[in-house]
Amino acid sequence: MKKWLLLLALAGLAISPPLPARPGGGHSSSSHSSSSSHSSGGWSHSGSSWSTHDSSGNSSGSAHPMSSLEALILFIIIVVIVIIVLRSQAGARSMVTAPPAQYRAQRQQSIAEQIAALKQADANFSAVVFLDFAHSLYCKFYEYSTKPEFSYLSPFLSTELQGHFQRSQPWTVSEIVVNSLRWLEIGTAGSDTDTITVEFDANYTLDLQDQRSRYAVVERWQFYRRKGLLSGEPEKIQSVNCPQCGAPAHFTDAGVCSYCGASVQKGDAQWCLGKRVVVATHAAPAVAGLAAYAEEQGTQAITVKQADLIEQMNRWQQRYGIAEWQQFWLPFENDEVRNYFAAIYGHWSRRDWQAARHLLSDRLYETNAFWQKMYVERGWFNRLEHLRIEQIVLAKIDSDKFYEAITVRIFAACNDYTEDAGGKIVGGSKTSLRRFSEYWTFVRRSGKERQEKPYSLSQCPSCGAPADNMGQSGECGYCGSKISTGQFSWVLFLIEQDEVYCG
């Protein structure tokens, strides 16, 4: 019986195969490969952050004991299912299938309309800034959990969540990685608050009594703030900072900033996390995913394009006085998309991720830095050889008071494999060409004067010094400018797999 229980456990793992190992591929830590198509079952707060929230659990008061014959039949059925799953394990695809492109396009349009409604009420609202803030708060929420520093987050958490962690608990959380962050709903109508609901697909390491375990989770967070607020400057709200002085969050339990003395009430000056639910969680051994490869999904699907893309292109031309779209598009396609693609994946393949720091947003760099660390510890390399772009398709243009964003779908191919320090292949193939496509989103600050010619990818776009002295936070070691915010040039903000992209 124990053997069959073990097989059932293995079958459960086979249901969700690992994803490609390249940057943005999700590795094997991704909790699911679909977009937000499952129901939440309502908001709740788990008594323990590490328990699974089951939104579909039911109990029956009329349950009766199962007969021996029924038990035998059920056992045989389970055995047959297990055998089928195990036999097809090598080529198994996720049972949580990606929604069709038409559905994702409809979701994109719905979210775009909701964000537009929020921008009408708040001309300063920036999707880029909010996503940076949400990502930062998520990481701090777990990094500070069970530590005294958790009080620093008091203005950004509801009263219930502020007391969520028992500081005496014996665990700590580290190596927090957000694989993806998706919009679910933006609410502006009715009540006296605005709300934004997002879904995180993330993983982290739990240290408990000298034991380290890696977990993958899907969580839904609902933020709120007082209706009628005008968003502040990005420098003050892009990270978990004091919305008054912009200093790193260092608040008392009462929400008083230790730097400027301002008292920040929940949802009164910045978005506050009001509700949080853990939708799913499971063990996710990090090392196992480094050499795991699964079949690409969604590469043949149609491109999910912005509903008013032509209109946005015309607006872009008017904004910059461009007679024809190709005047902008051709240089952007060659100087940014193609050059960044080659440089970023080249540094990844050489396991030199720090060298790409000036080309990446903070959260994209940090997410993949963890996986590079895993490769280094194992002495492995994820090689992307004979890498080439086969097609680039414009998918979306977005702009607000502070940022401009352009999303493209890149169709590419390479020999993707993982080898150990001795050159032995431990995953992938050195001879089979792997074709894939991804959505890449580039961002830069709005309203800045533009260079007539592209800057060298090997130089700091602010001072022109060699880009060989970039700090972990994206600051140039020569001039001190923070490059990763898009202040001086385009940065790669996000990589999304084509089977989950919703815009």
K.L.:
If we count only N and O atoms by modelled type, under 3.5 Å, do the side chains of Glu219 and Trp221 hold a donor and an acceptor together?
P.N.:
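Present: a donor and an acceptor within the cut-off.
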K.L.:
Below 30° counts as parallel, above 60° as perpendicular, anything between as tilted: where do the rings of Trp353 and Tyr365 land?
P.N.:
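Correct class here is parallel.
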K.L.:
Please report, to 0.1 Å, the donor-acceptor pairs under 3.5 Å made by any side chain of residues 122-134, with sequence neighbours excluded.
P.N.:
from	atom 1	to	atom 2	distance (Å)
Asp122	OD1	Asn124	N	3.0
Asp122	OD1	Phe125	N	3.4
Asp122	OD1	Ser231	N	3.1
Asp122	OD2	Arg225	NH1	3.4
Asp122	OD2	Arg225	NH2	2.6
Asp122	OD2	Ser231	N	3.2
Asp122	OD2	Ser231	OG	2.5
Asn124	OD1	Lys401	NZ	3.1
Asn124	ND2	Ser231	O	2.8
Ser126	OG	Val128	N	3.4
Ser126	OG	Val129	N	3.4
Ser126	OG	Asp400	OD2	3.0
Asp132	OD2	Gln238	NE2	2.9

K.L.:
Sequence neighbours left out, what passes side-chain contact (heavy atoms from CB on, under 4.5 Å) with Ala262? Give chain and number order.
P.N.:
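side-chain contact (heavy atoms from CB on, under 4.5 Å) list for Ala262, sorted by chain: Gln244, Cys260.
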K.L.:
Any Lys/Arg nitrogen of Arg107 or Glu113 sitting under 4.0 Å from an Asp/Glu carboxylate oxygen of the other?
P.N.:
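Salt bridge flag = no for Glu113 with Arg107.
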K.L.:
Which heavy atom of Pro155 sits nearest to which heavy atom of Tyr152, and what is that distance?
P.N.:
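Taking every non-hydrogen atom into account, CD-O, 3.8 Å.
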K.L.:
Quick one, Val217 and Tyr204 - any side-chain contact, counting heavy atoms below 4.5 Å?
P.N.:
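With C-beta onward as the side chain, the pair touches.
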K.L.:
Roughly how far, to the nearest 0.5 Å, is the CG atom of Asp362 from the OG1 atom of Thr367?
P.N.:
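Answer rounded to 0.5 Å: 10.5 Å.
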K.L.:
Is there a donor-acceptor contact under 3.5 Å from the side chain of Thr195 to the main chain of Tyr224?
P.N.:
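Between the backbone of Tyr224 and the side chain of Thr195 there is no qualifying donor-acceptor contact (under 3.5 Å).
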K.L.:
Taking Lys227 first and then Asp194, would you say they form a salt bridge - that is, a charged N and a carboxylate O separated by under 4.0 Å?
P.N.:
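A salt bridge is present here (some side-chain N lies under 4.0 Å from a carboxylate O).
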K.L.:
Are Arg363 and Phe493 in a cation-pi contact, defined as NZ or CZ under 6.0 Å from the six-membered ring centre and within 45° of the axis?
P.N.:
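Arg363 over Phe493 ring: yes.
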K.L.:
Would Glu160 and Lys275 pass as an ion pair if we require N to O under 4.0 Å?
P.N.:
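Salt bridge absent between Glu160 and Lys275.
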K.L.:
Please give me the minimum heavy-atom distance between Ser361 and Arg357, naming the atom from each residue.
P.N.:
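Shortest heavy-atom contact: O-NH1, 3.9 Å.
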K.L.:
Partners of Glu475 by salt bridge (Lys or Arg N to Asp or Glu O under 4.0 Å), sequence neighbours excluded?
P.N.:
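Per chain and number, Glu475 pairs via salt bridge (Lys or Arg N to Asp or Glu O under 4.0 Å) with no residue.
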K.L.:
Does either side chain, that of Glu185 or that of Thr197, offer a donor lying less than 3.5 Å from an acceptor on the other one?
P.N.:
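Per modelled atom types, Glu185 and Thr197 side chains form no pair under 3.5 Å.
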K.L.:
Give the minimum heavy-atom separation between Ala405 and Thr441, together with the two atoms involved.
P.N.:
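Minimum heavy-atom separation between Ala405 and Thr441: CB-CG2, 4.2 Å.
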K.L.:
Do any N or O atoms from the side chain of Ser258 and from the backbone of His250 form a donor-acceptor pair under 3.5 angstrom?
P.N.:
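At least one qualifying donor-acceptor pair exists.
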K.L.:
Report yes or no: does Arg182 contribute a side-chain atom to a donor-acceptor pair with the main-chain N or O of Cys502 at less than 3.5 Å?
P.N.:
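Absent.
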K.L.:
My understanding is that only residues two or more places apart in sequence, or in another chain, count here; which of them pass side-chain hydrogen bond (donor to acceptor under 3.5 Å, both in side chains) with Asp352?
P.N.:
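Testing Asp352 for side-chain hydrogen bond (donor to acceptor under 3.5 Å, both in side chains), a comparison that skips the adjacent residues, returns none.
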K.L.:
Verify the distance criterion only: is there a donor paired with an acceptor across the side chains of Asp207 and Ser174 at less than 3.5 Å?
P.N.:
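Judged by distance alone, the side chains do pair up.
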K.L.:
For the backbone of Ile397 and the side chain of Gln306, can you confirm whether one donor and one acceptor N or O come within less than 3.5 Å of each other?
P.N.:
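Here the side-chain-to-backbone pair exists.
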K.L.:
Return yes if some donor-acceptor pair links the side-chain N/O of Ser446 with the main-chain N/O of Tyr403 below 3.5 Å, else return no.
P.N.:
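Pair found, side chain donor or acceptor close to backbone of Tyr403.
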K.L.:
Keeping Gln114 on the side-chain end and Ile186 on the backbone end, is there a donor-acceptor pair under 3.5 Å?
P.N.:
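At least one qualifying donor-acceptor pair exists.
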K.L.:
Measure the shortest side-chain to side-chain distance between Arg445 and Pro234 over non-hydrogen atoms and say whether it is less than 4.5 angstrom.
P.N.:
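The answer is yes, as the side chains (C-beta and beyond) meet within the 4.5 Å cut-off.
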K.L.:
Would you sort out whether Glu199 and Leu181 count as a side chain to side chain contact (heavy atoms under 4.5 Å, CB included), showing the intermediate values?
P.N.:
CA-CA 6 Å; Glu199 184 175 84; Leu181 175 55; over 6 Å; no
K.L.:
Residues two or more places apart in sequence or in another chain: which of them pass side-chain hydrogen bond (donor to acceptor under 3.5 Å, both in side chains) with Thr252?
P.N.:
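Here no residue qualifies.
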K.L.:
Within the 4.5 Å heavy-atom criterion, are Val264 and Pro243 side-chain neighbours or not?
P.N.:
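Heavy-atom side-chain distance check passes, below 4.5 Å.
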K.L.:
Can you name the closest pair of heavy atoms from Ser158 and Gly274 and give their distance?
P.N.:
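Scanning both residues, the minimum pair turns out to be OG-O, 3.5 Å.
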K.L.:
Of all residues at least two apart in sequence or in a different chain, which pass the ring-ring contact (aromatic ring centres under 6.0 Å, His included) check with Phe436?
P.N.:
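Phe436 satisfies ring-ring contact (aromatic ring centres under 6.0 Å, His included) with no other residue.
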K.L.:
Residues two or more places apart in sequence or in another chain: which of them pass ring-ring contact (aromatic ring centres under 6.0 Å, His included) with Phe402?
P.N.:
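ring-ring contact (aromatic ring centres under 6.0 Å, His included) list for Phe402, sorted by chain: empty.
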K.L.:
For Asp308, enumerate each residue passing the salt bridge (Lys or Arg N to Asp or Glu O under 4.0 Å) test, keeping only those at least two apart in sequence or located in another chain.
P.N.:
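With sequence neighbours excluded, Asp308 shows a salt bridge (Lys or Arg N to Asp or Glu O under 4.0 Å) to no residue whatsoever.
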K.L.:
Does this structure show an ion pair linking Lys266 with Asp253, if we count only N-O contacts that are shorter than 4.0 Å?
P.N.:
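So Lys266 does not pair with Asp253 through a salt bridge.
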K.L.:
For Val173, which of Phe141, Tyr142, Phe165 qualifies under side-chain contact (heavy atoms from CB on, under 4.5 Å)?
P.N.:
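Per the side-chain contact (heavy atoms from CB on, under 4.5 Å) rule, the option paired with Val173 is Tyr142, out of Phe141, Tyr142, Phe165.
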K.L.:
Using the six-membered ring of Phe200, assess whether NZ or CZ of Arg220 lies under 6.0 Å from its centre and within 45 degrees of the ring axis.
P.N.:
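No, cation not above the ring by the 6.0 Å, 45° rule.
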K.L.:
If you round to the nearest 0.5 Å, how far is CD1 of Ile410 from CH2 of Trp440?
P.N.:
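Nearest 0.5 Å value for the CH2-CD1 distance: 5.0 Å.
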K.L.:
Say whether, by atom type as modelled, one donor and one acceptor occur between the side chain of Ser239 and the main chain of Asn241 under 3.5 angstrom.
P.N.:
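Answer holds: no.
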K.L.:
Within the distance-only criterion (no hydrogens, no angle test), does the side chain of Asn368 pair as donor or acceptor with the backbone N or O of Leu364 below 3.5 angstrom?
P.N.:
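Answer holds: yes.
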K.L.:
Side chain of Thr299, backbone of Glu296: donor and acceptor closer than 3.5 Å?
P.N.:
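Not confirmed, Thr299 side chain does not pair with Glu296 backbone.
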K.L.:
Is there a side-chain contact between Gln108 and Tyr501, using heavy atoms and a 4.5 Å cut-off?
P.N.:
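The answer is yes; the side chains approach within 4.5 Å.
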K.L.:
Just jot down the side-chain contact (heavy atoms from CB on, under 4.5 Å) partners of Ala247, sequence neighbours excluded, or say none.
P.N.:
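Only Cys245, Tyr259 meet the side-chain contact (heavy atoms from CB on, under 4.5 Å) criterion with Ala247.
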K.L.:
Measure the CG-CD1 distance between Asp398 and Ile115 for me, rounded to the nearest 0.5 Å.
P.N.:
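It is 7.0 Å, given to the nearest 0.5 Å.
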K.L.:
Step by step, work out the side-chain hydrogen bond (donor to acceptor under 3.5 Å, both in side chains) result for Gln265 and Ser263.
P.N.:
CA-CA 6 Å; Gln265 301 302 313; Ser263 178; 3.0 Å; yes
K.L.:
Can you list the residues that meet the side-chain hydrogen bond (donor to acceptor under 3.5 Å, both in side chains) rule with Ser136, with sequence neighbours excluded?
P.N.:
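Listed in chain order: nothing, the list is empty.
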K.L.:
Taking only residues two or more places apart in sequence, or in another chain, which ones meet Tyr439 in a side-chain hydrogen bond (donor to acceptor under 3.5 Å, both in side chains)?
P.N.:
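For Tyr439 there are no side-chain hydrogen bond (donor to acceptor under 3.5 Å, both in side chains) partners, ignoring immediate neighbours.
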K.L.:
Rounded to the nearest 0.5 Å, how far does CG of Leu360 lie from CD1 of Ile344?
P.N.:
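The distance works out to 4.5 Å.
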K.L.:
Considering all heavy atoms of both residues, which atom of Ala356 and which atom of His347 are nearest to each other, and what is their separation?
P.N.:
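Heavy atoms only, the tightest pair is CB-CD2, 3.7 Å.
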K.L.:
Does Glu438 pair with Arg409 as a salt bridge, N-O distance under 4.0 Å?
P.N.:
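No.
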K.L.:
How far apart are the closest heavy atoms of Pro170 and Leu208, and which atoms are they?
P.N.:
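That closest heavy-atom pairing would be CG-CD1, 3.7 Å.
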K.L.:
Measure from the side-chain N and O atoms of Tyr340 to the backbone N and O of Trp490, and report whether any donor-acceptor pair falls under 3.5 Å.
P.N.:
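Yes; at least one donor-acceptor contact below 3.5 Å.
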K.L.:
Taking only residues two or more places apart in sequence, or in another chain, which ones meet Leu153 in a side-chain contact (heavy atoms from CB on, under 4.5 Å)?
P.N.:
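Only Leu137, Lys140, Tyr144, Phe150, Leu157, Val240 meet the side-chain contact (heavy atoms from CB on, under 4.5 Å) criterion with Leu153.
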